[in-house]
Number of protein chains: 2
Amino acid sequence: MKEGPDIARIGMLIGDPARANMLTALMGGQALTATELAQAAGVTVQTASSHLSKLEDGGLIAQRKQGRHRYFALADAAAGTLLESIMGFAASRGHLRHRPGPKDPALRKARVCYDHLAGDYGVRMLDSFVARGAITSDGENLSVTAQGHSELAGLGLDLSPPASNRRPLCKSCLDWSERRSHLAGTLGKALLQHFMEKGWARRGDESRAVVFTPEGERQFLSLFPI
Amino acid sequence: MKEGPDIARIGMLIGDPARANMLTALMGGQALTATELAQAAGVTVQTASSHLSKLEDGGLIAQRKQGRHRYFALADAAAGTLLESIMGFAASRGHLRHRPGPKDPALRKARVCYDHLAGDYGVRMLDSFVARGAITSDGENLSVTAQGHSELAGLGLDLSPPASNRRPLCKSCLDWSERRSHLAGTLGKALLQHFMEKGWARRGDESRAVVFTPEGERQFLSLFPI
DNA sequence: TTCATACTTCGATCGTAGCCGAAGCATTGT
DNA sequence: ACAATGCTTCGGCTACGATCGAAGTATGAA
């Protein structure tokens, strides 16, 4: 009597508001951490963890361990297509969800990615470094040239000290809003710190947004031309 | 602030086993009464009634009063397509309600997808049309060529009438068992109807399977060679 | 009218799934 | 070594929704 695929299982997974919010957040195509997804869903990390393992068991998402982070992303294109088609149907029936907080377009401009700058500004910064030959991009790996070292020293950044530091000086990190790489690693962290110490920028209170002052914005744009 | 479609609402509706069973039963394309659907779901009529009103509010099904009966059916072709795509995803992840039973091979061979033919035969039909140039597949969209129109007219199918019909003549629908596209839309519906009027095939009694007579099978295979 | 059928609404029960606090691993940085 | 961070697991609490019996409404037939 019963035959065919178990649509109820998929429906149940998508049917919980917290999980639906996580999946919607992942529709951007960018891998997110459990903490970020918990924030997106409006639940604690414990609850989010439980949801994430269910979604993974159901084959909707996949996780990738990277350092002490676990990045979660949609399992594959089929999962994205499925969600897209459900969104299309929901929209056609006028079922819209209302989210409490305003969604900041400021996040796309500049935001914190763990400890470094991401978003439009983060991508621009790396592009500018590469264009002027301060950083060379060897496919996946990044490295600072001699010219780059002297330039950074001119900014007052000393990058030599902890030679025992296992963390790479330069690292690229994929940006969800730009879908391109921005500058991570020790250098990326140091630069963001530098901007904030100079008073050019500050972190947003409740969000990951980074807000630049008018003076800071001017300085940033002149330091990192396209 | 409204942000995006509410996929959780759709998911929750489909996520309940009883409702999922009802929807699966309605995928046969026939309108069923509340009592029949209650039986299909394995619940009492009171419970079924509650589920049906929720599904109707959600825009997945529609009811038609007729005498003291109320016939329930999928709201439209979009609802059928949505369910089929969810079935496809669930099947691809190995989520089956019941391991392959006796009826399963029949379902994979030929079944009703809301109002058109799906399964192996449905896919074969579209493949055959495309291979001989009766239908052109422009990536996502399908359209009938001049040759196709004359060929269909030869079968006794008149496809011109309701010019006001917003439903596309030709549409592709992803098949959960074959993971390929089959022919949906007005043409897909007309063809299935044609087969049944000719006495080549009939609907299965309790399932979505489409059973071909020996003569019907012979005709079908010669009409749609690979 | 009265009875029978088909379905809905009401009320109450009950199971399960979501939720969070606290504790437990795992990895990284100092 | 130790501390800090990111995430998972465990246990108990709570709330929502699925379920069914009983009663109510609507349609059709005797």
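Below, read A as the first sequence line, B as the second, and so on, with proteins coming before strands; counting in each chain starts at 1.
Computed from coordinates, the B:K65 NZ to D:dT25 P distance equals 15 Å when rounded to whole Å. The separation between A:L52 atom CG and C:dC19 atom P is 12 Å, rounded to whole Å. Put simply, CD on A:Q63 is 12 Å from P on C:dT27, counting in whole angstrom units. In this structure, CG of B:L37 is placed 16 Å from P of D:dA18, rounded to the nearest angstrom. We find that CZ of B:R64 is positioned 16 Å from C1' of C:dC7, with the value rounded to whole Å. Taking atom CE on A:M12 and atom C1' on D:dC16, their separation rounds to 15 Å, with Å as the unit. D:dC7 atom C1' lies 13 Å from atom CD of A:E56, rounded to whole Å. Between the NE2 atom of A:H69 and the C1' atom of D:dG6 there is a distance of 7 Å, given to the nearest Å.
Across all strands, A:A18 comes closer than 4.0 Å only to sugar-phosphate atoms, never to a base (heavy-atom distances). Looking at heavy-atom distances under 4.0 Å, B:T33 makes contact with sugar-phosphate atoms alone, never a base. B:T35 comes within 4.0 angstrom of sugar-phosphate atoms only, judged by non-hydrogen atoms across all strands, and of no base. Within the 4.0 angstrom heavy-atom criterion, no nucleotide atom of any strand lies near A:S50.
Side-chain atoms of A:Y121 and A:E217 form a donor-acceptor pair, as typed in the model, at a separation below 3.5 Å. When only modelled atom types and interatomic distance are considered, B:T44 and B:Q46 share a side-chain donor-acceptor pair under 3.5 Å.
Remark: the backbone N or O of B:G59 is paired with a side-chain donor or acceptor of A:R93 at under 3.5 angstrom.
Each of A:Q46 and B:F72 was matched to the nucleotide of DNA chain C holding its nearest heavy atom; the match closer to the 5' end belongs to B:F72.
Note on A:K54: every side-chain N or O is 4.0 Å or more away from OP1 and OP2 of C:dA17. Dashed line: the shortest gap from a side-chain N or O of B:R19 to OP1 or OP2 of D:dA18 is under 4.0 Å. Regarding contacts with the backbone of D:dC20, a side-chain N or O of B:T44 is found under 4.0 angstrom from either OP1 or OP2. Phosphate proximity of D:dG17 to B:H51: absent, as no side-chain N or O sits under 4.0 Å from OP1 or OP2. In this structure, B:S49 reaches the C:dT8 phosphate: one of its side-chain N or O atoms is under 4.0 Å from OP1 or OP2.
B:R202 and B:E197 are not joined by a salt bridge, as no carboxylate oxygen comes within less than 4.0 angstrom of a charged side-chain nitrogen.
One finds the NE2 atom of A:H194 at 7.5 Å from the CG atom of A:L223 (value rounded to the nearest 0.5 Å).
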